[in-house]
Amino acid sequence: MKVNITETTDTCKKINWDDMLDSELLDTIPTNKELKGNNTILDKGLHNKNVIHENTGQKRKSKNTELKVKKVRSDSNEEIKQQVPTETCKQGNNKNNHFRKQKYTKAIKNWLSNLEPPTEDITDLDNIVNDSKSSVDIIQQNTHNSHKEKLVIEKTSKTNKKVVQAQLANKDGIMKFSKPQPNAEDTKNINEAVETKPKEKKVKKFVAPIKSQIPVKDITYELHTLDEDNLDDHREGLHEIINIEIIAVLIYSNGFCQLNSHHTDGTCTPDGIIVNSDDMFYCFKGAGQKIKEALKCLLENNTVICYGAQNILSYLKTHLQMDRINPKIYDAKIGASLLEPDNPPENFSDVQKLLSFSAQYTVATECTLQKAAWYMSLLKQCWAKLYAMLAEDNLWKVFVEIEMKLLPIIAGMECRGLCIDMSKLKSMEEVLLNRMKAVEQQCYKAAGKVFQINSAVQVRAILYDELQLDAKCNVRIRETLCKGAKSTSETMLRSLMNEHPLPKLIMEYRHLHKAHATFLAGIAQHIKDGVVRPTWVQTAAATGRIASNNPNLQAIPKAPFDCVMFPEAGDTDNSQLMFRSIYVSRPGFSLVAADFRHVECRVFAHAAADAGLLRALADHPDLFRALAQHWLKKPEAEIVPEERERTKRLVYASLYGAGTRKLMEILDVDYQQALQVAASFNSSAADLCKLAMILSEEQLRTSSPPVDAHLLLQIHDELVWEVNDLHVDRAAAIIKQAMEGCGQWCGMTVPLPVAISTGKDWGSMQTLEN
DNA sequence: CTCTAGACGCTAGG
DNA sequence: CCTAGCGTCTA
């Protein structure tokens with residue numbers, strides 16, 4: 001598509017360049033061209049569709065990627081297995097299945113006409129469990145006296161994989177016959193996921209450009225592209241830039257920069273960095289020695305304003321090997337999300353909206369560098385406004401003292417990443433898959449039919465409609481939030497489990513499946529060269545907490561994982577898995593974990609000045625155990641870990657949610673005030689954890705002789721370092737001291753005990769006493 | 001008819 | 001209460 005630029009200069013209806021660029025991308029652009037060397041004028045046609053996307057927008061994209069990969073793989077795979085249920089003859093108790101049945105049989109007919117007849121017939125269930133190669137799966141219906149068997153046939157076919165979609169299933173969904181993926185494929189997943197990189201070709205939908213009212217000015221910014229050769233020509237100019245505010249923005253190899261990268265999707269590498277001081281723009285490209293020095297000098301001697309500092313820091317680290325530079329940096333993105341924590345802006349135009357800032361003019365240029373320069377001038381104006389607003393809201397201190405200091409630390413965490421023990425991962429997966437297979441078959445047997453255990457709808461239909469377990473157990477089943485259907489959550493299944501074996505099995509299967517999908521296969525997707533590097537998002541949570549994603553290492557189960565949930569009397573195979581033990585330290589290093597003991601509770605106790613809670617904290621080493629004891633009226637020795645966990649959940653939930661209401665009573669203030677107190681409590685707990693990171697990192701850096709320690713993880717109140725074996729004891733002492741000092745720094749009167757533990761892997765950490 | 005985004009359900013973490 | 005993530009199911 002083509003936009004007439006000259007016309008826009010005359011009339012008042014201008015094209016917003018953002019949107020134009022966006023839509024341009026969509027259809028005119030050949031994707032296979034790479035641009036290199038040409039760094040002044042970038043032709044439209046040189047845009048690459050693959051562009052780095054901001055962290056915040058990655059969620060959906062990554063999902064898509066996976067889907068696509070999966071699909072591509074199965075398309076190209078000749079040995080696709082098909083699952084063909086032949087016929088299901090329901091009993092007379094089939095009430096309203098007429099329509100569904102029609103649809104079903106029709107689909108089956110169509111389908112079968114493409115297939116060869118099954119080669120084998122096996123009627124013994126046990127055979128199937130044992131013989132994984134069998135191409136025919138038969139599940140015998142054994143609860144109802146049905147006269148027909150249900151066949152599930154796995155078929156090898158040369159045609160593409162056909163998946164009978166959920167359309168065939170109606171509400172109760174039982175007829176649906178796409179079975180969970182065959183396990184053989186699953187086992188390969190880990191290996192493949194490590195090697196195959198998702199290569200995605202996404203066709204963006206056309207978005208019509210929005211005409212903007214901004215006049216177009218004919219401005220050309222003074223912009224120099226610097227590389228190793230011509231750097232010396234500009235040296236004088238560069239040396240004058242000292243002790244002022246400069247703006248730094250990354251430019252990507254497709255011509256976009258950080259400020260308009262939300263118009264693209266996909267991934268690509270940063271290509272250079274543009275620095276602006278006053279009216280001069282310098283674009284640094286390449287990774288030559290001179291460039292590095294000049295850039296370092298520039299960044300360290302000035303105050304750097306940027307948008308998405310995380311990306312810049314990681315660029316400096318990975319591409320220019322500039323480690324440990326510690327510029328005074330202000331990130332407008334984080335500043336903006338501090339202003340509006342509930343609804344953080346996702347991209348630069350959101351920030352502009354938030355600041356109610358609108359550009360006075362736009363530039364008509366096809367040079368992406370010029371365009372980036374224009375964006376940077378906007379950023380400059382935004383920053384001035386943002387600065388005033390932060391100061392006005394008393395957020396400046398938090399911004400500078402906490403958030404900005406956190407930036408380099410998080411960048412370091414992302415850069416280093418965690419090492420993975422692949423062999424452990426694979427062996428665990430094997431154990432899990434075997435167990436899963438067994439449980440799956442048991443489930444089908446208990447239910448009398450094949451169904452999708454992961455589907456809440458189908459489970460619901462079987463449990464409540466068919467088996468009527470809720471009536472039998474005389475339990476009122478809680479309803480789901482949105483649709484008000486009967487819940488199949490763990491607590492509900494637990495209350496049903498004495499009546500029928502199925503609930504147990506379902507619980508177990510879910511448990512296993514989730515564990516496999518999330519903590520083994522899910523993690524495996526993100527492993528590169530034996531290291532996972534999660535993205536840490538500083539601005540994600542309204543509460544001020546840091547969140548991790550791709551993968552989320554903050555949600556790796558802490559407790560050992562039981563493969564067998566309900567060990568039978570004679571069962572000796574109660575193997576336990578520790579998902580955290582997959583994460584190991586590098587050779588010559590150890591992991592050191594530092595854990596605040598119930599910070600939230602302590603902060604809350606401090607904020608609410610609750611004498612009882614304070615005393616409980618002082619007296620008992622294990623608060624949750626003490627609380628469980630109190631509530632359940634049991635002697636402390638009898639509290640099982642599960643009860644403790646539940647109490648913990650309860651405490652957290654009420655601390656955050658119901659906390660507001662409680663505060664209203666305790667402090668005898670109105671709702672609004674209580675809300676404020678609660679909010680301040682929430683954020684102060686989060687800030688305390690951030691502060692702990694900053695202080696301890698600082699202490700470790702400044703200690704002499706230096707300590708070789710790298711922060712790897714932050715799980716809200718737990719920090720995990722990787723420390724050189726020789727320095728472990730010293731590092732532990734420093735960390736402990738720094739963290740315990742945090743409370744005072746914030747003016748807390750409650751002591752903050754810190755537990756330190758070390759080990760070679762995250763699963764088996766020994767507490768360090770001293 | 002087929003594909004897919006988004007809503008929903010469940011569960012790890014704190 | 002809020003985060004991420006996996007899976008199903010519907011429109």
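Within every chain, numbering begins at 1; the chains are lettered A, B, ... in the order of the sequence lines, protein sequences first and strands thereafter.
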Options C/dA4, B/dG13, C/dC9, nucleotide nearest the side-chain atoms of A/Ala540: C/dA4
Would you check if A/Tyr652 stacks with the base of B/dG14, given a 5.5 Å centroid limit and a 30° plane limit, both strict? yes
Could you state the CZ-C1' distance from A/Arg478 to B/dG9, rounded to the nearest angstrom? 11 Å
How would you label the contact of A/Glu490 with the nucleic acid (heavy atoms, under 4.0 Å): base, sugar-phosphate, or nothing? sugar-phosphate
In whole Å, what is the span from the NZ atom of A/Lys514 to the C1' atom of B/dG13? 9 Å
Specify the residue among A/Lys483 and A/Gly522 whose closest nucleotide of DNA chain C lies further upstream toward the 5′ end. A/Gly522
Listed range with range, the stems formed with DNA chain B by at least 3 consecutive Watson-Crick or G-U pairs (under 3.5 Å) are B:4-14 with C:1-11
Under 30°, 30 to 60°, or over 60°: which ring-plane class applies to A/Phe579 and A/Phe519, parallel, tilted or perpendicular? tilted
N/O (side chain, A/Lys648) to phosphate O (OP1/OP2, B/dG14) under 4.0 Å: yes
Have a look at A/Arg545 and say if it touches a base, only the backbone sugar-phosphate, or nothing, with a 4.0 Å heavy-atom cut-off. base
In Å, rounded to the nearest 0.5 Å, how long is the span from CE of A/Met492 to CG of A/Leu469? 13.5 Å
Among the candidates C/dC6, C/dT3, B/dT11, find the nucleotide nearest to the side-chain atoms of A/Ala517. C/dC6
At 4.0 Å (heavy atoms only), tell me whether A/Ile556 reaches a base, stays on the sugar-phosphate, or touches nothing. sugar-phosphate
